[in-house]
Amino acid sequence: MDPETMMERYEPRLIEPKWQRVWEDERAFSAASPSPGSPRSETTTYVLEMWPYPSGTLHMGHVLVYTLGDVISHFRRRNGMRVLRPMGWDSFGLPAENAAISEGGHPREITERNIVSIKSSMKKIGWAIDWEREIAAHLPEYYRWTQWLFLRFLEADLAYRKESPVNWCPRDQTVLANEQVKDGRCERCGSEVESRKLEQWFFRTTKYADELLESMKELEWPARVLAMQRHWIGRSEGAEVKFRIEQLGEDVPVFTTRPDTLFGATFFVLAPEHPLVERLDSDEVRDYVRRAVAKRAAERAAAAEKTGVFTGLYATNPVNDEQLPVWVADYVLLDYGSGAVMAVPAHDERDHEFARRYDLPVRTVVAPVGGDVPVSGAFSAHSESEVLVDSGAFTGLSAPEGKEAIVAWLAERGLGEATTNLRLRDWGFSRQRYWGCPIPVVYCDTDGIVPVPDAELPVVLPDVDDYLPRGQAPLASAEEWVQTSCPACGGPARREVDTMDTFVDSSWYFIRFCDPGNDGAPWDRAPVDFWCPVDQYTGGVDHATMHLIYARFFAKALNDLGLVGFREPFRRFFGNGWVQMDGTKMSKSKGNVIGPDELVELYGADPVRLYILFIGPAEQDMDWTEGGIEGMTRFVRRLWRVVHEVVALEPVGSGDGELARKAHRTIAKVTDDIGRRYSFNTAIAAVMELVNEIGRAPDAPGARFAAETAVSLIQPYAPHVAEELWTVLGHERLWEQAWPVVDETMLEHETLELVVQVNGKLRDRLRIPAATPDDELVSLALASAKVRAYLNGAEPRKTIVVPGKLVNFVL
RNA sequence: GCCGGGGUGGCGGAACCGGUCAGACGCGCUCGACUUAAAAUCGGGUGGCCCUCGGGCCGUGAGGGUUCGACUCCCUCCCCCGGCACCA
């Protein structure tokens with residue numbers, strides 16, 4: 001192909017590899033480490049997207065999230081900021097292990113092969129990534145420090161081991177965190193989750209529950225994500241009240257958010273799994289419990305009817321010494337509150353339903369002021385404006401006063417106290433699988449749980465022959481590895497064979513990026529203090545109650561351990577939507593799946609990058625269509641042509657005409673859309689408008705300025721073609737050029753359209769000089785023949801003037 | 001049920017603080033130019049209804065309201081998506 005033709009046609013295959021090579025040679029996007037002691041400043045910025053799991057190929061979701069991050073990082077760099085924008089691999093986890101099981105091979109080989117392939121795809125899209133900081137969770141030089149951090153958590157009692165009922169996935173043969181169970185099913189494979197009692201490792205996430213809620217107000221995160229976290233943590237205010245069961249010699253605590261209704265309690269309920277239930281000597285109760293426990297959680301939740309059985313026991317209501325029959329019922333959950341409730345059927349819907357079914361009394365104790373006490377047996381929802389009735393010495397108090405007074409009365413007598421309850425559970429992170437970070441402890445008959453000394457890290461994941469999960473961790477079969485000596489006494493000991501949840505790896509990876517090569521510590525404080533916390537984090541909202549809570553927990557814990565200087569890891573978070581291809585119905589079996597590699601091959605990286613952000617608002621789900629990408633190719637070609645036309649015609653001067661004004665308005669719009677509004681689609685539309693206008697008058701004064709502006713503004717989205725056209729325009733190194741600056745005086749049109757309304761209806765539009773003083777607008781409007789026709793000689797009752805925009809006459 | 005987000009042309013979407021006949025930008029469709037022809041490209045048109053071709057009326061899920069003026073604010077309701085769900 002001769003040079004002439006190359007100049008005339010847009011050829012992504014030629015220009016994209018060319019510029020990718022230049023950036024690599026120039027180390028254009030490598031973030032230099034800060035010099036010792038250099039302080040973090042306003043112009044330091046850490047831009048990060050959630051690191052990918054290295055599955056075989058990229059998908060369009062990756063294209064969206066990393067292009068988004070790319071636009072932000074280019075934009076910030078060109079606005080004079082020093083940008084850290086790294087990439088790494090969340091490379092431990094089940095898919096590689098499952099692939100090893102079904103196809104043979106080692107998860108490590110599969111993972112590393114995938115990394116090579118996915119990285120090469122990423123490079124072809126031309127993302128501005130600092131590849132010199134690449135890290136991977138599965139490498140010993142990374143997981144050594146995951147283990148090291150675990151040991152610090154263990155020392156600080158932020159990690160502990162206990163037996164507890166856990167979510168068990170029968171298919172993946174492993175424990176799942178609560179966060180990984182959706183609708184009673186395994187989030188990953190969809191199997192129905194079972195409950196098992198196992199010894200497990202936990203992180204004490206609940207210790208930070210209050211702070212996790214409280215510091216949300218510092219975060220610039222989408223409301224939906226914060227709402228999800230708030231609900232997940234589920235803090236509720238109430239009281240713990242002790243009910244004595246004399247026959248068992250026990251004080252049984254219950255949690256209630258309605259201590260004001262204590263006088264309305266008419267029975268008492270224990271969860272079927274409650275420890276006290278085991279002590280009951282009744283065939284009827286044992287039989288009921290067996291059936292209730294056998295039901296899986298999902299079935300129990302879906303059950304239409306609440307069921308239960310009377311135990312023959314009575315519990316004493318501490319406020320009036322009434323004897324309440326004790327029932328065992330499946331609607332009470334063991335793992336919330338204390339696993340027992342006081343039942344107030346008049347003021348709790350569930351208790352009411354149960355009371356109706358088993359014909360238990362319903363006693364109203366809260367009623368509207370001055371109103372009638374509801375008919376006995378009715379259910380009444382709570383209202384803050386109601387007062388206590390039939391409540392002994394507390395009768396007549398308002399509901400909030402009653403709450404306070406009753407709790408105070410209980411507290412004085414040691415019968416209860418104000419407390420809060422959480423829905424959040426501690427994070428169980430033991431996994432009975434192979435491809436994860438080994439937990440660095442040993443079990444010794446004499447010394448119990450003994451941490452592996454720091455000097456012996458990493459505990460290297462040994463090779464095993466058989467990854468097939470059998471309910472015990474595959475590592476248990478590596479007998480030589482398992483047998484070790486106790487670091488404390490030197491006697492025989494066995495290694496922990498469970499591995500860590502991969503969310504542990506991803507709870508601290510963003511810190512490691514600041515000091516990726518450190519082999520003496522997980523990180524040094526200086527580079528971390530310089531870059532962290534992450535200023536702009538981007539990823540899927542599906543991680544709202546998993547990764548995004550775990551990482552926040554880690555930041556707080558690491559800060560308390562004195563290891564980092566921040567307590568929130570991600571100041572701003574943007575949650576991107578899902579990408580579907582042609583209405584989700586693409587499938588491998590139909591052979592109509594087109595991946596990013598083929599699209600880049602077919603259309604070029606720039607049109608793909610542009611289109612993924614042009615489809616719609618990036619926070620919404622979107623649908624990729626073939627037709628849409630072709631439109632984007634047309635736009636890039638039009639830009640290409642327009643720039644060459646402008647260069648050939650050599651329009652004189654920057655001009656102050658409409659084209660230059662349009663360019664300045666576009667700068668303002670694009671800057672605001674990218675920098676403040678996260679409105680990536682409308683920024684592209686604005687540049688399209690500008691290019692369309694240049695195309696209509698490529699020889700007009702200001703055309704050259706407008707063309708340069710268009711190329712400069714589109715660079716974060718389409719860096720290859722922008723760089724190429726920048727050289728056509730006679731410049732170089734666009735990626736490090738300052739972002740265009742708006743001339744405020746150029747934002748207005750030379751003339752503007754004055755809208756004239758009569759009674760709010762548009763009746764005429766007048767083109768007037770932009771500089772027309774406001775007080776002349778009315779007389780100009782009145783001069784309009786059309787307007788006079790509508791006024792019909794009448795004097796306007798009222799005249800509204802919006803400067804520079806409209807005049808409205810009200811008759 | 002509770003919490004969060006939405007309902008705008010044939011389609012994706014725009015309208016940012018209540019103010020330029022709502023519909024930017026793009027897709028699709030359509031007419032035209034170029035071509036032997038097609039593709040590509042370029043130019044015009046494209047919310048609905050009526051029309052004497054000047055324009056008129058209606059129109060942002062439904063119904064009310066506030067306002068000179070409402071896609072935008074308030075009330076009532078319907079529908080869709082996401083999260084949680086016997087959480088006491």
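All values below come from the heavy atoms of this structure, side chains included, with hydrogens, waters and symmetry mates left out. Chain letters run A, B, ... following the sequence lines, proteins first and then strands; every chain starts at 1.
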Student: Might you work through the ring pair (Phe, Tyr, Trp, His ring centres under 6.0 Å) test for A/F354 and A/W327, ending with a clear yes or no?
Tutor: CA-CA 11 Å; A/F354 192 80; A/W327 288 65; 5.5 Å; yes

Student: Between atom OH in A/Y10 and atom P in B/A40, what is the gap in whole Å?
Tutor: 18 Å

Student: Taking the same atom, P, in B/G61 and in B/A14, what whole-Å distance lies between them?
Tutor: 14 Å

Student: Write down the distance between CZ (A/R696) and C1' (B/C42), rounded to a whole number of angstrom.
Tutor: 13 Å

Student: Is there a donor N/O on one and an acceptor N/O on the other, under 3.5 Å, for the side chain of A/R676 and the base of B/C16?
Tutor: yes

Student: If you check the A/P617 side chain, which of B/C16, B/G13, B/G26 turns out closest?
Tutor: B/G13

Student: Taking the side chain of A/R637 as its heavy atoms from C-beta onward, which of B/C84, B/C25, B/A40 lies nearest to it?
Tutor: B/A40

Student: Does the structure show a Watson-Crick or G-U wobble partner for B/C87, both distances under 3.5 Å? Name it, or say none.
Tutor: none

Student: Using the P atoms only, state how far B/G7 lies from B/U60, rounded to an integer number of Å.
Tutor: 14 Å

Student: Are any of A/R634's side-chain N or O atoms less than 4.0 Å away from OP1 or OP2 of B/C42?
Tutor: no

Student: For A/H274 and B/A88, what is the distance between atoms NE2 and C1' respectively, to the nearest whole Å?
Tutor: 13 Å

Student: Mind calculating the distance between CZ (A/R235) and P (B/A88) to the nearest angstrom?
Tutor: 13 Å

Student: Is the closest side-chain donor-acceptor distance between A/Y717 and A/T67 under 3.5 Å?
Tutor: no

Student: Rounding to a whole Å, what distance do you find between A/Q180:CD and B/G83:C1'?
Tutor: 17 Å

Student: B/C16, B/A88, B/C84: which one has an atom nearest the side-chain heavy atoms of A/D672?
Tutor: B/C16

Student: Both distances below 3.5 Å, Watson-Crick or wobble geometry, any strand: find the nucleotide opposite B/G4.
Tutor: B/C81

Student: Calculate the interatomic distance between A/I629 atom CD1 and B/C27 atom P; express it in whole Å.
Tutor: 12 Å

Student: For B/A70 versus B/C21, give the span between their P atoms, rounded off to a whole number of Å.
Tutor: 13 Å

Student: For B/C25, measure the glycosidic angle (O4'-C1'-N9-C4 for a purine, O4'-C1'-N1-C2 for a pyrimidine) and name it syn if it falls within 90° of 0, otherwise anti.
Tutor: anti

Student: Is any side-chain nitrogen or oxygen of A/N692 closer than 4.0 Å to OP1 or OP2 of B/A24?
Tutor: no

Student: If you check every side-chain atom of A/K669, which of B/A24, B/C16, B/C84 has the closest atom?
Tutor: B/C16

Student: OP1, OP2 of B/U41 versus side-chain N and O of A/R638: anything below 4.0 Å?
Tutor: no

Student: Indicate whether OP1 or OP2 belonging to B/G6 is found under 4.0 Å from a side-chain N or O atom of A/R224.
Tutor: no

Student: Whole angstrom is fine here: how far is it from CG in A/N808 over to C1' in B/U20?
Tutor: 13 Å

Student: Return no unless some side-chain N or O of A/R677 is found under 4.0 Å from OP1 or OP2 of B/A15.
Tutor: yes

Student: Just compare B/C25, B/G5, B/C84 and give me whichever is closest to any side-chain atom of A/A223.
Tutor: B/G5

Student: Applying a 3.5 Å limit to both distances, which nucleotide forms a Watson-Crick or G-U wobble pair with B/C73?
Tutor: B/G65

Student: On RNA chain B, check which nucleotide each of A/G628 and A/F809 is closest to and give me the residue with the more 5' one.
Tutor: A/G628

Student: When you check the phosphate oxygens OP1 and OP2 of B/A14, does a side-chain N or O of A/N681 lie under 4.0 Å from one of them?
Tutor: yes

Student: Between A/S236 and A/N421, do the side chains contain a donor N or O and an acceptor N or O under 3.5 Å apart?
Tutor: no

Student: With both distances under 3.5 angstrom, what nucleotide forms a Watson-Crick or G-U wobble pair with B/G18?
Tutor: none

Student: Take A/D351 and A/Y331 through the test side chain to side chain donor-acceptor pair (under 3.5 Å) and record every step on the way to the result.
Tutor: CA-CA 9 Å; A/D351 296 342; A/Y331 79 95; 2.7 Å; yes

Student: Categorize A/R641 for me: base, sugar-phosphate, or nothing, with a 4.0 angstrom heavy-atom threshold over every strand shown.
Tutor: sugar-phosphate

Student: Taking O4'-C1'-N9-C4 for purines and O4'-C1'-N1-C2 for pyrimidines, is B/G48 syn (within 90° of 0) or anti?
Tutor: anti

Student: In the structure I gave you, are the side-chain heavy atoms of A/R230 and A/M216 within less than 4.5 Å of one another anywhere?
Tutor: yes

Student: Can you check the A/F680 CZ to B/G13 P distance for me, whole Å?
Tutor: 17 Å

Student: Which nucleotide sits closest to the side chain of A/T257: B/A88, B/C68, B/C25?
Tutor: B/A88

Student: Of the options B/A14, B/U41, B/C3, whose atoms approach the side-chain atoms of A/A227 most closely?
Tutor: B/C3

Student: If we take the C1' atom in both B/G45 and B/G23, what is their distance in whole Å?
Tutor: 16 Å

Student: Please report the distance separating the C1' of B/C34 from the corresponding atom of B/G43, rounded so that it comes out in whole Å.
Tutor: 11 Å

Student: Determine the interatomic distance between P on B/G10 and the same-named atom on B/U66; round to the nearest Å.
Tutor: 32 Å

Student: Pick from A/E386, A/R363, A/R258, A/H352: which one makes a side chain to side chain contact (heavy atoms under 4.5 Å, CB included) with A/H347?
Tutor: A/R258

Student: In terms of side-chain geometry, is the basic nitrogen of A/R224 or A/E619 positioned less than 4.0 Å from the acidic oxygen of its partner?
Tutor: no

Student: Please figure out whether A/M228 or A/I800 has its closest RNA chain B nucleotide nearer the 5' end.
Tutor: A/I800

Student: Tell which nucleotide pairs with B/G28, taking only Watson-Crick or G-U wobble pairs whose two distances are both under 3.5 angstrom.
Tutor: B/U46

Student: With a 3.5 Å cut-off and no angle check, do the side chains of A/E353 and A/Y358 form a donor-acceptor pair?
Tutor: no

Student: So which nucleotide does B/U52 pair with, by the Watson-Crick or G-U wobble rule with both distances under 3.5 Å?
Tutor: none

Student: Scan A/G337 against the nucleic acid and name what it touches under 4.0 Å (heavy atoms): base, sugar-phosphate only, or nothing.
Tutor: nothing

Student: Are A/E645 and A/R641 close enough for a salt bridge, meaning some N to O gap below 4.0 Å?
Tutor: yes

Student: With P as the reference atom in both, quote the distance from B/G4 to B/C74 in angstrom, rounded to an integer.
Tutor: 14 Å

Student: Within the pair A/Q620 and B/G5, is there a side-chain N or O less than 4.0 Å away from OP1 or OP2?
Tutor: no

Student: May I ask which nucleotide in the shown strands pairs with B/U35, Watson-Crick or G-U wobble, both distances under 3.5 Å?
Tutor: none

Student: B/A22 and B/A33: how far apart are their P atoms, nearest whole angstrom?
Tutor: 34 Å

Student: Any idea which of B/A14, B/C84, B/G69 is nearest the A/H231 side chain?
Tutor: B/C84

Student: In the structure shown, which nucleotide is the Watson-Crick or G-U wobble counterpart of B/U60, with both distances under 3.5 Å?
Tutor: none

